[in-house]
Amino acid sequence: MIRRIIRKRRPAPTLTGISLEEELALIRVELMYGLRVNREAYLRRKVDERDEMATRMREQGPAGMLADLRGSLERAVQPTVVDLESRRRPHSSQDPEPA
């Protein structure tokens with residue numbers, strides 16, 4: 001019976017490599033910042049993030065994740081208040097010169 005259960009389970013999808021877009025982005029980072037990116041570590045991190053996202057989806061569902069994201073965004077982004085009166089240019093009492 002245990003063998004039957006093991007056979008029916010689908011293997012977890014694995015990442016075969018880095019996409020062309022990701023490779024170009026990594027090369028850009030290396031050139032711009034003079035860093036060396038470890039591709040194996042990058043792939044491990046990508047797998048870990050995918051697994052974490054799958055776990056969150058199983059636990060909460062899309063609506064719960066959206067609520068969490070909205071809450072974290074509201075905490076991260078401080079509202080900025082702009083005083084429009086102070087930004088306006090002072091009006092001169094004279095009419096502008098004709099062109």
Side-chain angles (χ1 to χ4, degrees):
M1 183 169 172
I2 294 175
R3 288 182 189 162
R4 189 178 310 144
I5 293 172
I6 293 174
R7 278 192 212 137
K8 288 186 177 183
R9 291 182 64 193
R10 289 183 293 156
T14 58
L15 295 170
T16 57
I18 299 172
S19 70
L20 179 62
E21 292 83 8
E22 290 171 321
E23 182 65 32
L24 290 173
L26 293 174
I27 291 170
R28 190 177 307 123
V29 165
E30 289 178 340
L31 292 174
M32 288 176 64
Y33 301 108
L35 301 174
R36 179 76 182 117
V37 178
N38 183 343
R39 303 301 197 263
E40 290 178 23
Y42 175 80
L43 282 174
R44 279 194 300 273
R45 173 113 184 210
K46 189 174 171 182
V47 169
D48 292 344
E49 288 176 354
R50 185 198 59 208
D51 292 343
E52 181 182 343
M53 183 60 66
T55 302
R56 285 184 181 182
M57 287 294 288
R58 281 193 299 272
E59 290 174 355
Q60 291 182 329
M65 287 184 66
L66 182 62
D68 284 349
L69 285 173
R70 186 173 289 132
S72 63
L73 279 174
E74 288 172 356
R75 288 188 301 274
V77 177
Q78 297 298 325
T80 54
V81 178
V82 177
D83 182 14
L84 295 177
E85 290 298 323
S86 66
R87 295 190 138 209
R88 289 190 180 145
R89 286 181 274 161
H91 293 285
S92 62
S93 59
Q94 301 172 357
D95 290 333
E97 295 180 23

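Below, each value reflects all heavy atoms present in this structure, side chains not excepted, and no hydrogens, waters or symmetry copies.
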Give the cluster check for [X] versus [Y]: same hydrophobic cluster or not, with ILVMFWY residues linked at side-chain heavy-atom distances below 4.5 Å.
X: Met32; Y: Val37; result: yes
X: Leu20; Y: Leu26; result: no
X: Leu31; Y: Tyr42; result: no

**Asked** Charged N to carboxylate O under 4.0 angstrom, Glu30 versus Arg39?
**Response**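 Result for this pair is yes, salt bridge flagged.
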
**Prompt:** Any ion pair linking Glu74 and Arg70 (charged N to carboxylate O, less than 4.0 Å)?
**Reply:**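 No, Arg70 and Glu74 are not salt-bridged.
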
**Item:** Test side chain to side chain contact (heavy atoms under 4.5 Å, CB included) applied to Asp51 and Val47, step by step
**Value:** CA-CA 6 Å; Asp51 292 343; Val47 169; 3.6 Å; yes

**Gap separating the CG atom of Asn38 from the CZ atom of Arg44, nearest 0.5 angstrom** =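 It is 6.0 Å, given to the nearest 0.5 Å.
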
**Message:** Checking side chain to side chain contact (heavy atoms under 4.5 Å, CB included) between Thr55 and each of Glu59, Met53, Met57, Glu52, which is the one that passes?
**Reply:**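 Of the listed options, the one satisfying the test is Glu59.
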
